[in-house]
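All remarks here apply to the structure that follows.
Start at 1 with the first residue, then count along the sequence. Order of appearance sets the numbers: ligands from 1, and atoms from 1 within every ligand.
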Amino acid sequence: MLFSFGFPPTIRSFLKSPPCILLLLLLSCTCFTATEAYDPLDPNGNITIKWDVINWTPDGYVMSKKQLNGQAVVTMYNFQQYRHISVPGWSLGWTWAKKEIIWAMVGGQTTEQGDCSKYKGNIPHCCKKTPTVVDLLPGTPYNQQIANCCKGGVLSSWAQDQSKAVAAFQVSVGSAGTTNKTVKLPKNFTLKAPGPGYTCGPAKIVKPTQFIQPDKRRVTQALMTWNVTCTYSQFLAQRTPTCCVSLSSFYNDTVVPCPTCACGCQGNSSLSGDCVDPDSPHLESVVSNPGPGNSLTPLVRCTRHMCPIRVHWHVKLNYKEYWRVKVTVTNFNYRMNYSDWNLVIQHPNFDNLTQIFSFNYQSLTPYGSINDTAMLWGVKFYNDFLMQAGPLGNVQSELLFRKDKSIFTFDKGWAFPRRVYFNGDICVMPPPDAYPWLPNAGFRKEVSLLALLMTSLVALIFHAYA
Ligand SMILES: *[C@@H]1O[C@H](CO)[C@@H](O)[C@H](O)[C@H]1NC(C)=O
Ligand SMILES: *[C@@H]1O[C@H](CO)[C@@H](O)[C@H](O)[C@H]1NC(C)=O
Ligand SMILES: *[C@@H]1O[C@H](CO)[C@@H](O)[C@H](O)[C@H]1NC(C)=O
Ligand SMILES: *[C@@H]1O[C@H](CO)[C@@H](O)[C@H](O)[C@H]1NC(C)=O
Ligand SMILES: *[C@@H]1O[C@H](CO)[C@@H](O)[C@H](O)[C@H]1NC(C)=O
Ligand SMILES: *[C@@H]1O[C@H](CO)[C@@H](O)[C@H](O)[C@H]1NC(C)=O
Ligand SMILES: *[C@@H]1O[C@H](CO)[C@@H](O)[C@H](O)[C@H]1NC(C)=O
Ligand SMILES: *[C@@H]1O[C@H](CO)[C@@H](O)[C@H](O)[C@H]1NC(C)=O
Ligand SMILES: *[C@@H]1O[C@H](CO)[C@@H](O)[C@H](O)[C@H]1NC(C)=O
């Protein structure tokens with residue numbers, strides 16, 4: 001039962017297959033979840049956009065005086081447990097159903113004004129049929145702000161900080177229709193956060209939102225409300241992984257590295273883009289010069305795995321009742337500081353996590369009784385900022401688990417995580433048959449260690465007397 005959310009049986013039966021087949025398998029798994037846009041660790045995760053029409057005002061500017069302006073507050077909720085939206089932030093687009101225009105916006109702006117040449121005097125904010133809205137930056141003057149706006153498009157994940165997982169802007173729409181019967185819902189919503197990956201459903205009219213007034217003595221409601229739900233799929237977002245896992249243990253000297261070419265291959269720019277050598281004398285100039293490419297394209301340190309992020313899981317100590325793991329996240333990307341980063345790790349012993357040092361922790365239990373998935377993130381002002389590649393580009397923590405003697409084992413890679421996600425994207429694991437092995441079966445190991453100790457002691461004594 002505990003294993004059923006680890007590697008699927010198909011993968012486990014492939015334990016002996018070469019790494020590339022496993023990688024292919026993992027990739028095909030991702031694309032399966034992707035087309036379904038379904039994340040097994042966050043099955044209800046979505047971004048919901050709520051559009052509340054709060055009033056209709058006579059539209060004095062358009063040709064037909066009968067038209068009305070609709071003023072609406074658009075609120076975006078990031079209901080995803082562990083996927084956030086980082087810089088440069090979200091952008092939301094849609095297609096107007098008729099000939100609507102945007103007169104004005106508060107707390108957001110469209111990226112392009114479009115062709116407003118037929119308007120004289122009072123020029124609209126945007127005349128495009130397919131406007132794209134972005135957030136305003138922090139520090140926007142107060143008269144251009146509304147509640148929850150102006151975070152530069154950055155949204156926290158729901159588990160990390162619900163108060164920062166909401167965005168909002170206000171929009172005044174001209175030629176919108178005259179009543180709630182003639183208004184037509186915008187179509188074809190698109191959400192970029194910041195790249196591709198989200199798919200939005202159609203707008204659906206829902207029960208009008210109720211607003212409790214600040215004095216809490218009166219409730220008003222929207223004239224009309226519609227919702228749009230957008231879901232994420234890693235497959236749509238990017239074809240190459242961005243993160244890999246390496247493993248080690250106290251009981252075996254082997255450090256199992258990230259799989260070679262996990263995120264791309266060195267010297268193959270068609271797959272991975274360039275990398276830099278940390279010893280290169282040109283390091284600084286290469287890093288500071290973004291070049292012709294997008295500044296979001298990672299510029300990574302040259303490694304065999306070529307991943308921007310590596311998560312290392314080290315089985316550190318074995319006590320009688322407990323065992324201890326050290327987790328280190330290393331940033332190999334010279335172009336990215338990850339703020340409010342998070343990790344999701346699946347391991348059957350998370351139901352008995354006893355102590356965690358210097359990271360925040362929350363259990364994710366999408367299936368109720370199965371408590372084997374943990375979300376970990378940095379402590380505010382201490383290690384919530386994962387610095388760009390370099391000597392400071394890592395964060396680490398230790399986890400203490402209580403053993404259940406009937407299940408616990410160092411055998412068969414049990415002590416290693418089943419799945420790891422960084423910022424919501426799955427990390428490439430080494431193939432299970434490469435995991436550090438116990439030299440021998442559990443108790444025999446103690447015996448052989450003891451034997452080894454005895455022999456060396458004897459040898460030492462013998463040496464001393466010789
Ligand atoms: C979106 O997420 C919220 C919060 O988890 C959930 O209540 C809602 O049902 C989800 N919507 C869809 C369409 O999945
Ligand atoms: C439109 O408004 C009327 C009242 O003005 C209300 O009865 C009706 O339910 C509304 N329709 C929609 C689709 O919101
Ligand atoms: C929806 O928008 C996308 C991208 O903006 C566009 O490619 C597509 O044709 C649009 N579909 C409709 C039905 O307007
Ligand atoms: C519409 O979205 C809001 C905000 O997320 C939510 O409270 C409401 O339940 C949603 N309505 C429906 C019918 O999904
Ligand atoms: C780069 O990748 C392409 C496509 O996978 C492959 O055909 C080519 O041989 C690779 N080149 C090198 C130098 O590895
Ligand atoms: C990352 O943060 C450091 C310190 O705040 C700053 O010096 C550096 O320029 C930042 N790097 C990037 C790529 O934003
Ligand atoms: C899961 O286990 C951890 C560690 O014992 C505990 O702190 C957490 O409350 C549990 N979560 C649930 C939902 O049972
Ligand atoms: C966690 O502890 C409980 C109670 O001691 C035990 O029933 C359960 O099997 C333990 N789980 C693991 C994975 O050790
Ligand atoms: C350590 O684990 C590796 C597999 O990663 C195995 O090949 C090796 O034999 C193990 N070392 C010992 C001393 O058992």
Side-chain angles (χ1 to χ4, degrees), residues 2 41 44-53 73-81 86-88 148 152 154-155 158-159 162 165-168 185 189 200-212 221-222 224-231 276 283-284 286-291 294-301 308 322 331-341 345-356 359-376 381 383-395 399-404:
L2 277 170
L41 297 182
N44 295 317
N46 68 73
I47 294 185
T48 297
I49 297 150
K50 184 166 67 82
W51 189 302
D52 292 309
V53 178
V73 173
V74 181
T75 315
M76 204 153 89
Y77 298 86
N78 181 12
F79 286 130
Q80 300 177 104
Q81 292 294 334
S86 57
V87 284
N148 293 316
V154 172
L155 283 188
W158 198 248
Q162 294 183 5
V166 183
L185 308 192
F189 279 84
C200 300
K204 287 206 182 93
I205 295 174
V206 298
K207 221 166 108 256
T209 307
Q210 301 203 317
F211 302 100
I212 300 165
Q221 71 176 49
M224 196 177 172
T225 298
W226 56 81
N227 278 7
V228 177
T229 305
C230 306
T231 51
V276 283
L283 179 63
E284 286 210 0
V286 173
V287 168
S288 58
N289 177 12
N294 185 333
S295 69
L296 284 178
T297 327
L299 176 66
V300 296
R301 199 172 106 189
Y322 299 92
N331 186 358
F332 290 101
N333 187 354
Y334 287 100
R335 287 218 182 110
M336 185 72 147
N337 289 319
Y338 296 88
S339 48
D340 292 317
W341 58 269
I345 306 183
Q346 193 178 31
H347 187 279
N349 217 157
F350 268 116
D351 61 346
N352 287 331
L353 180 68
T354 306
Q355 208 176 356
I356 173 157
F359 283 179
N360 287 306
Y361 159 78
Q362 182 178 310
S363 62
L364 295 179
T365 47
Y367 305 98
S369 57
I370 303 157
N371 184 359
D372 66 352
T373 307
M375 178 171 159
L376 311 175
F381 305 122
N383 57 5
D384 61 329
F385 191 74
L386 175 53
M387 188 84 95
Q388 66 186 63
L392 299 174
N394 66 80
V395 289
L399 315 173
L400 191 66
F401 295 101
R402 196 179 68 243
K403 290 181 187 171
D404 175 352

## Note on the structure
For atom 4 (C) of ligand 6, the closest protein heavy atom turns out to be Met387 SD, 4.0 Å
### Residues Asp52 and Thr209: side-chain donor-acceptor under 3.5 angstrom
yes
#### Entry: Pick from Asn337, Val87, Asn331: the one approaching atom 1 (C) of ligand 6 most closely through a non-hydrogen atom
Asn337
### Close N or O approach (Asp351, ligand 7; < 3.5 Å)
yes
### Message
Could you check whether any side-chain N or O of Asn337 sits under 3.5 Å from a backbone N or O of Gln388, counting only pairs where one atom can act as donor and the other as acceptor?
### Response
yes
### Query
With a 4.5 Å limit on heavy-atom distance, are the side chains of Gln81 and Gln362 in contact?
yes
### Task
Classify the contact between Arg335 and ligand 6 as side chain, backbone, both or neither, using a heavy-atom distance cut-off of under 4.0 Å.
backbone
### Message
Out of all atoms in ligand 4, which are within 4.0 Å of some heavy atom of Asn227? Include the element for each.
### Response
1 (C), 2 (O), 3 (C), 8 (C), 10 (C), 11 (N), 12 (C), 14 (O)
### Query
Do protein heavy atoms approach atom 9 (O) of ligand 7 to less than 4.0 Å?
no
### Task
Give, for atom CG of Leu399 and atom CG of Leu376, the distance between the pair rounded to the nearest 0.5 Å.
6.5 Å
### Message
Under a plain distance cut-off of 3.5 Å, with no hydrogens placed, do Thr225 and Lys207 share a side-chain donor-acceptor pair?
### Response
no
### Message
Test your reading of the structure: does Gln388 have an N or O sitting under 3.5 Å from an N or O of ligand 6?
### Response
yes
### N/O donor-acceptor pair under 3.5 Å between Trp158 side chain and Tyr77 backbone
no
### Task
Can you sort out which atoms of ligand 4 are near Tyr77, meaning under 4.0 Å from one of its heavy atoms?
4 (C), 5 (O)
### Task
Report, in ascending order of atom number, the atoms of ligand 4 lying under 4.0 Å from any heavy atom of Lys50.
2 (O), 3 (C), 4 (C)
### Query
What atoms of ligand 4 come within less than 4.0 Å of a heavy atom belonging to Phe79?
5 (O)
### Task
Would you indicate whether the side-chain heavy atoms of Thr354 and Tyr322 approach each other to under 4.5 Å?
yes
### Message
Could you tell me if the side chain of Pro298 sits less than 4.5 Å from the side chain of Arg335, heavy atoms only?
### Response
no
### Query
Can you list the atoms of ligand 6 that are under 4.0 Å from a heavy atom of Phe385?
2 (O)
### Query
Which heavy atom of the protein is the closest neighbour of atom 13 (C) of ligand 4, given with residue, atom name and distance?
Val206 CG1, 3.4 Å
### Task
Identify, by atom number and element, the atoms of ligand 7 in contact range of Phe350, meaning under 4.0 Å from any of its heavy atoms.
2 (O), 3 (C), 4 (C)
### Task
Please check if the side chain of Asn331 supplies one atom and the backbone of Met387 the other of a donor-acceptor pair under 3.5 Å.
yes
### Summary
Note: ligand 7 atoms sitting under 4.0 Å from heavy atoms of Thr365 are 13 (C)
### Query
Which heavy atom of the protein is the closest neighbour of atom 7 (O) of ligand 7, given with residue, atom name and distance?
Tyr361 CE2, 4.2 Å
### Task
Measure from the side-chain N and O atoms of Asp384 to the backbone N and O of Phe381, and report whether any donor-acceptor pair falls under 3.5 Å.
yes
### Summary
In terms of its nearest heavy atom to atom 6 (C) of ligand 7, the top option of Asn371, Leu353, Asp372 is Asn371
